[in-house]
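Worksheet for the structure shown next.
Bear in mind the structure is a predicted one, so any value in this text is a computation, not a measurement.
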Amino acid sequence: MGTSQTGMGAMPIASGGVGFRVWAPLAQKVFVAGEFNGWSDTVDPLQREGNGNWSADIISAKVGDQYRYVIHPRGGGSPIWRTDPRARRVYSEDDPAGASVKRKNNGYVVEPTYFWDSGSFEMPGFNELVIYQLHVATFNAKGKTGTFDSLIEKLDYLKSLGINAIELLPIIGFQGEHSLGYNPAFPFDIESSYGGDTEFRDFIKAAHNQGMAVIVDVVYNHFGPEDLDASLRRIDGWYEGEGDGVYFYNWPPRKDWFGPRPDYGRSEVRDYIRDNVRMWLAEYHVDGFRFDSTIGIRNAYGHNNDPANDIPEGWWLLQDLNSLIKSQPSAKLTIAEDLQENEWITKPGFFGGAGFDAQWVSRFYWDIHNAVVVPADSSRNMFAVRDVIEQRYGSDAFSRILFSENHDQVHADKGNLRLPDAIDRGHADSYFARKRSTLAAAIVMTTPGIPMIFQGQEFLEWLAWTDKTVLDWSKKDSLIGGKIFNLYRDLIQLRRNWYDNTRGLRGQHVHVHHVNDNDKVIAYHRWEYGGPGDDVIVVINFGHKSFPSYSIGFPTPGIWWNRFNSDSDSYSPDFGNFGGYSTTAGSTDPNDPEHMPCRGNVGIAPYSVLILSQ
């Protein structure tokens with residue numbers, strides 16, 4: 001008979017033993033081999049359930065045992081040894097010399113119990129989030145690679161910066177010592193070189209105790225390609241042509257990026273992905289998800305507005321996963337990396353949208369990037385900057401994830417550079433590189449949306465990043481890096497309204513009321529409800545000229561206090577401390593060209609940002 005347990009994979013039985021269940025619909029016979037039976041490929045058969053699943057209760061098996069499935073293809077041929085696609089832990093070391101049993105890619109029987117005691121952590125409101133994107137291996141490397149424990153060591157640092165959400169590049173088990181994480185073969189396994197599943201729970205608990213949410217990057221647009229032969233690829237021996245078996249599409253184009261695309265049309269494959277999301281929620285208490293390349297889930301060629309090649313079942317899967325995540329008792333954030341400026345990605349599912357809370361904004365990135373990277377002031381387009389500051393998807397300003405750097409855009413293997421180096425190649429610590437890269441960061445922090453920075457950006461890390469390029473923490477302790485850190489810290493604190501005088505930076509509303517494309521100056525008004533402590537005015541000078549007294553509009557009369565001047569010498573010893581004074585706004589006539597009720601004068605330095613409020 002089959003297993004008495006519900007679910008899939010290896011399931012410990014309270015009274016002893018382990019229930020095993022695997023989906024292999026076209027297999028002839030299935031056995032489970034492991035430490036509990038001397039790795040016999042014939043002692044413990046699984047029974048056919050009639051629905052494509054095979055299962056059995058193995059009383060001799062226990063938590064901690066290694067195991068694999070031995071699958072006999074229909075029509076004969078050699079047995080296939082396969083890792084459990086749902087293994088919670090995968091043994092990934094190579095065989096020791098003289099070993100009689102191959103140990104690489106064995107699954108472990110795991111009891112996913114853990115004492116959480118997460119205190120009173122609650123997900124911050126989406127309008128209060130500031131996300132820090134990092135790669136475990138390179139963020140705080142100790143020895144060969146960083147670990148979850150080495151992340152815990154830096155939580156105090158991130159808290160001092162003002163971060164309240166950490167987005168991890170994929171931590172799914174991968175082949176070899178280094179990876180970006182976008183080659184998943186064992187989606188239920190936590191990468192052992194980072195510490196594994198228990199250590200990941202330790203990290204989440206520690207982050208929650210510091211008031212920080214944890215967002216995981218998940219990859220459902222493809223699996224593999226490495227190590228797929230050990231698990232999902234042709235799992236039961238069946239395939240057509242050059243296809244990869246029952247888990248994957250067999251029609252062109254089968255692949256998305258490097259690996260085969262899951263067959264979202266099969267309910268068992270959808271359940272596999274859905275159960276993976278459930279695992280992150282139930283077993284790890286994560287607070288959000290960033291979905292890699294949703295365009296590759298919804299369209300066969302990764303095209304927008306291409307209905308002939310859309311994958312309807314991929315769209316339905318995205319809707320279903322977002323519905324599942326939103327059904328949780330506590331708030332969770334879902335983010336799409338779609339990069340197509342498609343507002344349907346963040347429309348609710350009941351309106352036909354994919355149902356994501358937010359999506360990465362490619363247009364914002366490129367228009368701000370171009371405005372600070374181009375050498376000549378005359379080439380900076382203030383109208384393009386205005387438009388991306390005011391852009392939104394539907395009615396919610398916080399459906400956009402805003403950044404001036406992310407892991408893709410700074411990746412050396414793609415020919416990309418960190419922003420300071422792109423501004424002044426080979427002189428990334430120059431005055432102009434510091435001035436204009438931090439100008440971009442200030443726009444990210446003062447524009448409606450959810451701001452995100454990439455590891456090291458806050459202390460002017462300029463080395464193009466790879467999965468082997470460790471973060472250079474000595475830059476943080478240098479004179480320049482330490483002062484740039486102060487600038488990011490102060491921006492983040494204002495963004496989060498730490499001093500209760502910039503609430504408007506957390507608000508839905510923005511109006512770019514001043515655009516001077518000749519002198520390259522813009523100004524915009526941010527507010528939530530309006531009034532003292534809420535209304536905020538941001539002034540940005542994209543040009544090389546300073547202005548001792550520059551007239552702009554204000555929403556109300558009275559004193560407007562300077563809260564931030566990026567030209568302060570507290571942010572660099574060669575910044576000039578120019579301008580940045582508080583000002584008094586007075587009433588103006590109804591024909592004012594900015595259509596603002598009041599007007600005042602500000603002093604602003606070259607390539608600088610001012611933030612003022614009452």
Original post:
Is it the case that Thr138 and Lys468 place a side-chain donor and acceptor less than 3.5 Å from each other?
Top reply: no

Subject >> Student check: side-chain heavy atoms of Thr502 and Arg526 closer than 4.5 Å >> reply: no

Subject >> Gap separating the CD1 atom of Ile443 from the CD1 atom of Ile540, nearest 0.5 angstrom >> reply: 4.0 Å

Original post:
Is there side-chain contact between Gln133 and Asn406, with heavy atoms separated by less than 4.5 Å?
Top reply: yes

Original post:
Between the side chain of Ser566 and the main-chain N/O of Val609, is any donor-acceptor distance below 3.5 Å?
Top reply: yes

Original post:
For the side chain of Glu191 and the backbone of Phe174, is there at least one donor-acceptor N/O pair under 3.5 Å apart?
Top reply: yes

**OP:** Check Ser379 against Val374 and note the closest heavy-atom contact, atom names and distance.
**Re:** CB-CG2, 3.4 Å

Subject >> Ring centroid separation Trp360 to Tyr365 under 6.0 Å >> reply: no

Original post:
Where do Gln319 and Gly352 come nearest, in terms of heavy atoms and distance?
Top reply: NE2-O, 3.4 Å

Subject >> Residue pair Ile311 / Ile297, side-chain heavy-atom distance below 4.5 Å >> reply: no

Original post:
Which distance, rounded to the nearest 0.5 Å, do you find between the CG of Asp292 and the CG of Asp408?
Top reply: 8.0 Å

Subject >> Side-chain (Asn299) to main-chain (Asp306) donor-acceptor, under 3.5 angstrom >> reply: yes

Subject >> Arg392 side-chain N/O to Ser399 backbone N/O, donor-acceptor pair under 3.5 Å >> reply: no

Original post:
With under 30° as parallel and over 60° as perpendicular, where do the rings of Tyr194 and Phe148 fit, or are they tilted in between?
Top reply: perpendicular

**OP:** Any chance you could measure Leu491, atom CG, to Leu161, atom CG, to the nearest 0.5 Å?
**Re:** 10.0 Å

**OP:** Before giving the answer on ring-ring contact (aromatic ring centres under 6.0 Å, His included), spell out for Phe200 and Tyr284 the whole-Å C-alpha distance, their side-chain angles and the decisive distance to 0.1 Å.
**Re:** CA-CA 8 Å; Phe200 179 49; Tyr284 295 106; 5.3 Å; yes

Original post:
Are any non-hydrogen side-chain atoms of Asp396 and Gln508 less than 4.5 angstrom apart?
Top reply: yes

Original post:
Between CZ of Phe454 and CG of Leu169, what distance do you get to the nearest 0.5 Å?
Top reply: 6.5 Å

Original post:
Shortest non-hydrogen contact from Pro184 to His222?
Top reply: CG-O, 3.8 Å

Original post:
Are Arg266 and Tyr272 close enough, and set up right, to give a side chain to side chain contact (heavy atoms under 4.5 Å, CB included), and what steps lead you there?
Top reply: CA-CA 10 Å; Arg266 291 183 183 267; Tyr272 180 72; over 6 Å; no

Subject >> No-hydrogen, no-angle side-chain donor-acceptor test under 3.5 Å, Asp377 and Tyr607 >> reply: yes

Original post:
Do Trp315 and Asp310 come within less than 4.5 Å of each other through their side chains, counting heavy atoms only?
Top reply: no

Subject >> Polar side-chain atom of Ser231 near backbone of Ala185 as donor-acceptor pair, under 3.5 Å >> reply: yes

Subject >> N/O donor-acceptor pair under 3.5 Å between Lys520 side chain and Asp517 backbone >> reply: yes

Original post:
How far apart are the closest heavy atoms of Leu439 and Ser608, and which atoms are they?
Top reply: CD1-N, 4.0 Å

Subject >> Centroid separation Trp473 to Phe459 less than 6.0 Å >> reply: yes

Original post:
Can a donor-acceptor pair be found between the side chains of Asn370 and Trp366 at a distance below 3.5 Å?
Top reply: no

Original post:
Any donor-acceptor pair under 3.5 Å linking the side chain of Arg400 with the backbone of Gln391?
Top reply: yes

Subject >> Side chain Arg380, main chain Pro375, donor-acceptor under 3.5 Å >> reply: yes

**OP:** Check the pair Leu463, Arg418 against side chain to side chain contact (heavy atoms under 4.5 Å, CB included), reporting the backbone distance first and the verdict last.
**Re:** CA-CA 6 Å; Leu463 290 177; Arg418 299 294 292 242; 5.6 Å; no

Subject >> Closest non-hydrogen atom pair, Leu168 against Leu151 >> reply: CD2-CD1, 4.0 Å

Subject >> Result of checking Lys154, Glu167, Gln455, Glu458 against Tyr132 for side-chain hydrogen bond (donor to acceptor under 3.5 Å, both in side chains) >> reply: Glu458

Original post:
If every non-hydrogen atom of Val385 is compared with every non-hydrogen atom of Ala371, which pair is closest and at what distance?
Top reply: CG2-CB, 3.8 Å

**OP:** Check whether any side-chain heavy atom of Val218 sits under 4.5 Å from a side-chain heavy atom of Ile172, and report yes or no.
**Re:** no

Subject >> Other residues, nucleotides, ligands: >12 heavy atoms within 6.0 Å of Glu390 CD >> reply: yes

**OP:** Hey, could you give me the CZ/CG distance between Arg233 and Asp244, rounded to the nearest 0.5 Å?
**Re:** 4.5 Å

Subject >> More than 12 heavy atoms from other groups under 6.0 Å of CZ on Phe383 >> reply: yes

**OP:** State whether a side-chain donor-acceptor pair under 3.5 Å links Tyr220 with Asn276.
**Re:** yes

Original post:
Is the closest side-chain donor-acceptor distance between Gln340 and Thr294 under 3.5 Å?
Top reply: no

Original post:
When you measure from the side chain of Arg434 to the backbone N and O of Asp429, does any donor-acceptor pair fall under 3.5 Å?
Top reply: yes

Original post:
What do you reckon, are the aromatic ring centroids of Phe291 and Phe356 less than 6.0 Å apart?
Top reply: yes

Subject >> Note: Asp320-Arg270 ion pair, threshold 4.0 Å (strictly below) >> reply: no

**OP:** Decide yes or no on side chain to side chain contact (heavy atoms under 4.5 Å, CB included) for Thr438 and Tyr488, but give the supporting numbers first.
**Re:** CA-CA 8 Å; Thr438 55; Tyr488 275 84; 4.3 Å; yes

Original post:
Quick one: does His427's side chain get under 4.5 Å of Asp421's, heavy atoms only?
Top reply: no

Original post:
What is the distance from atom CD of Glu461 to atom CD1 of Ile484, rounded to the nearest 0.5 Å?
Top reply: 13.0 Å

**OP:** For the pair Lys159 and Asp156, find out whether any cationic side-chain nitrogen is under 4.0 Å from an anionic carboxylate oxygen.
**Re:** no

Subject >> Salt-bridge criterion met for Lys326 and Asp357 (N-O under 4.0 Å) >> reply: yes

Subject >> N/O donor-acceptor pair under 3.5 Å between Ser150 side chain and Asn140 backbone >> reply: yes

**OP:** Report yes if the side chains of Ile166 and Leu158 come closer than 4.5 Å at any heavy-atom pair, otherwise no.
**Re:** yes

**OP:** Count the heavy atoms belonging to other residues, nucleotides or ligands that lie under 6.0 Å from OH of Tyr157, then report whether that count exceeds 12.
**Re:** yes

Subject >> Test side chain to side chain contact (heavy atoms under 4.5 Å, CB included) applied to Asp287 and Lys332, step by step >> reply: CA-CA 5 Å; Asp287 305 293; Lys332 310 292 181 183; 4.2 Å; yes

Original post:
Step by step, would you call Arg274 with Asp271 a salt bridge (Lys or Arg N to Asp or Glu O under 4.0 Å)?
Top reply: CA-CA 5 Å; Arg274 188 183 297 111; Asp271 286 344; 2.4 Å; yes

**OP:** Anything under 30° is parallel, anything over 60° is perpendicular, the rest tilted; go ahead and classify Tyr264 against Tyr249.
**Re:** perpendicular

